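Structure record follows, encoded as structure tokens.
Numbers restart at 1 for each chain; the letters A, B, ... are given by sequence-line order, proteins then strands. Note that the structure is a prediction, hence the values are computed from the model and not measured. Any value given below was found using the heavy atoms of this structure, including those in side chains, with hydrogens, waters and symmetry copies removed.
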Amino acid sequence: MDVNKSVQENKALGAQAQKKYKDLAMNIIRKYGIFLIFIAMCIVLSMLSPSFLKIRNLTIVVRQISIIAIVAMGVTMVIITGGIDLASGSVIALVSVMTAKFAHPNTYPVFVPVLVGLAIGSFTGMISGTIVAKGKIPPFIATLGMMTAARGAALLISDGKPIGDFSKEFEYIGGGHFLNVPVPILILIGVIILTHILLSSTKFGKYIYAIGGNENAAVVSGVNVDKVKIMLFTYAGLLSALASIIMTSRISSGQPGAGQGFELDAIASAVIGGTSLNGGIGTIPGTIVGALIIGVLNNGFDLLGINPYWQPIVKGAIIVGAVLLDERKNRSK
Amino acid sequence: MERENILVIENVSKAFPGVQALDNVQLKVGKGTVHALMGENGAGKSTLMKVLLGIYRPDSGTITFKGEKLEVQNIHQALQSGISMIHQELTNVPYMTVAENVYLGREPLYKSGLVKMKEMENNTRELLERLEIKINPRAKMKDLSIANMQMVEIAKAISFNADLIIMDEPTSAITDKEVEHLFKIIRGLKATGVSIIYITHKMDEVFKIADDVTVFRDGKFVGTEASANMTKDKLIEMMVGRELKNVFFKQPAEIGDVILSVKGLSREGEFENVSFDLRKGEILGISGLMGAGRTEVMECLFGITKATSGEIYINGKQVKIKSPRDSIKHKMALLTEDRKLTGCFLVLPVRDNMVMASINDYAKGFLLDKRGINRTCENEKGKLDIKTPSMDQRIKFLSGGNQQKVLISRWLLTHPDILILDEPTRGIDVGAKAEIHKLMSGLAAQGKAIIMISSELPEIMGMSDRILVMSEGKQIGILDREEATQEKIMKYATGMVN
């Protein structure tokens, strides 16, 4: 009798423990879902292709995604406020040709083209932000306008032609190495740390979440919503400019056609990384994993020699799949 | 003489989590009569109408319509069985024409599937002409005045040739002239045998148009009388007379100097000429029926909307308040009426919800003092007994009472001198309600000045030192605690002042 009882108790305990582990596992999957998918992708790829895990290959992947990832961090912050930024691709083109004009050898010191580029990117962002905040126009429309106009400006300034011939110092930004690490990767890491802190640990960051979480409540709580929006779009423009400078330097050419479709890849990275288009939800690490997933996917297709036309199809499926996963996660708490 | 009833509702009950919205109510509407339905906010009028339209299913009871048991699942079926409704809020599509709105959802079609526009327009024109409403059926809805929009809604409800038309405060948006017009239409409908349930807060209308009047209170049936046998005083007595139970009374607090003075505050189209003084340690209750403009006054005072005229003095000095930021600087706090719409950041953690209004206290450098924030939050959690598994929990998963406590903390953390609480205990359970009342009493004892809007008379009477009553955008009067009775407040709230 006693034995039976203790067996039953043990069984109950076992079941409890099992349930506990199951809950724990579910929690981990919920919390780190997209990250686990990324790890799984890496494991599968490393089994299929021995060259995947080589440092050289991984460096290539990270350097490839660095440009989109930098843009995507700005876009992520905009999406967290419940907005969208369509202008980043065109801003990259505009900054690219403007930077190139000042980057010829024996003209200006290297900080001039860099500052010009950053200033122009920030300025376009400030205009978009002001239109959104003061004009009460949806970000979709405001940045659609900026997207079209900035592309036109890029073509006008460059007369539709690429601008080349850069100083050594300028080419170092996209092509150089520091302590054996490519400079773009170092810049990427710096931007990740800075932006993550900005979003997670400053008043500005909290206000971004507040606006996306409930703009009315943010106003009532004393948040200067207009100011935060303008600052945010300005920062997003600055990041687009930084990405553009790296790319212009790397391909040694200021291209008026550069950045085509980058805005959508940036949005895709944010969304895959768990950023909610409804606002209020999203993180920088999430977006970086989102960008890495796209990067690893492209790399994997290259390594395995799969017809590259498959890439966009799989990418599309991943975007939708990631959002479906998030939907379920958010609904089931 | 037994009259013929078109609608007989018997023993209908309906409960929602935490509230018995309808408790064994009855209603008998005679054929070809106008039956007024009255009661305070939350008396159960709207719930019963939603049951009639099939939006809610009753937990028990029977509804007999035209001699048969009424069983409808949705508005569409209700319309088919002969019940139509004019909603209190306008429900039109602004960019469609009057005719398209009248025929929305039942457009006459050609065999090809195209809409018979001409027929729709002609029928609508006939309908409007018959009702003597001068509106072009081809006009876009958005170009009409609010009053004309309401007249279109009325015409639409009539166009269904229903046997029973429910009118939910149909005169809240129209002028006296149009009210007369509406009454003429109603008399015409009566003559053709149509019955009308007329929901209103306005006493005068009841005596002008209704044959019978039924009063609900707290989801319970109070009584039905022929309006000819009714007096205003009797009606008010039926509407109020709630039991004063489960109410926390404000503890005596030392009433100090005037801290806030509002003079002639007006906002066009919302409210006019609101003036009052608020003293330290005092709770000023704001009472009134729905749509009296109470929330609008407070939103304006707090700088969410702009006043058309009026002056605000804090500690004797005139202040200009252009935004909530200015109000917070002047040590004011506003707990808004709608937790979801203007209160909670639903997807954000409890922690962020709590500190959002006082975050400057933790932003001395570039980085936030996260440890300080956590300490404060844990402290508040203990003080207000907020039940949450962790500070990281999204606030949307908390109960209404706990959400409200988090929002109250948000404002207490700004160290306000003046707290404006708009329906602080709406939709939360009895326990949390008592805690909030106790907290308010304690704050007043500390010398804080509190303004409390509430639609519950017992709450208003239990907690307030003085009671400001509003009706239709006007301040009717301020009652002292001693002179306030439920009857008196209700008289003021219905605009019945001599």
R410(B) versus S358(B), side-chain donor and acceptor atoms under 3.5 Å
no
Within the supplied structure, the quantity of interest is the number of heavy atoms (other residues, nucleotides, ligands) at a distance under 6.0 Å from I39(A) CD1; does it exceed 12?
yes
Closest contact, heavy atoms only, A432(B) versus G401(B):
CB-CA, 4.1 Å
Please tell me whether T336(B) and T342(B) have a donor and an acceptor in their side chains that are separated by less than 3.5 angstrom.
yes
How far apart are the closest heavy atoms of H437(B) and M463(B), and which atoms are they?
O-CE, 3.4 Å
Does any part of the side chain of S269(A), heavy atoms only, come nearer than 4.5 Å to the side chain of I68(A), both counted from C-beta?
yes
I need the contact set between residues 294-304 of chain B and chain A: heavy-atom distance under 4.5 Å, sorted by residue number.
F302(B), I304(B)
For a 4.5 angstrom cut-off between non-hydrogen side-chain atoms, does M391(B) reach P349(B)?
no
Closest approach of T287(A) and A270(A), non-hydrogen atoms and distance?
OG1-CA, 3.7 Å
Between K329(B) and chain A, with a heavy-atom cut-off of 4.5 Å, which part of the residue counts as in contact: side chain, backbone, both or neither?
neither
Which residues from residues 199-214 of chain A are near chain B, with near meaning under 4.5 Å between non-hydrogen atoms?
S200(A), S201(A), T202(A), K203(A), K206(A), Y207(A), Y209(A), A210(A), G213(A), N214(A)
Does the side chain of V191(A) come within less than 4.5 Å of L239(A)'s, by heavy atoms?
yes
In terms of heavy-atom proximity below 4.5 Å to chain B, should N224(A) be classed as side chain, backbone, both, or neither?
both
Taking NZ, NE, NH1 and NH2 as the nitrogens, is one of them in D369(B) or K364(B) under 4.0 Å from a carboxylate oxygen of the other?
no
Using a cut-off of under 4.5 Å for heavy-atom pairs, which of L346(B), L407(B), V355(B), L341(B) has the most such pairs with chain A?
L341(B)
Might you confirm whether atom CZ of F276(B) has over 12 heavy atoms from other residues, nucleotides or ligands at distances under 6.0 Å?
yes
Interface moiety of L348(B) toward chain A, non-hydrogen atoms closer than 4.5 Å:
side chain
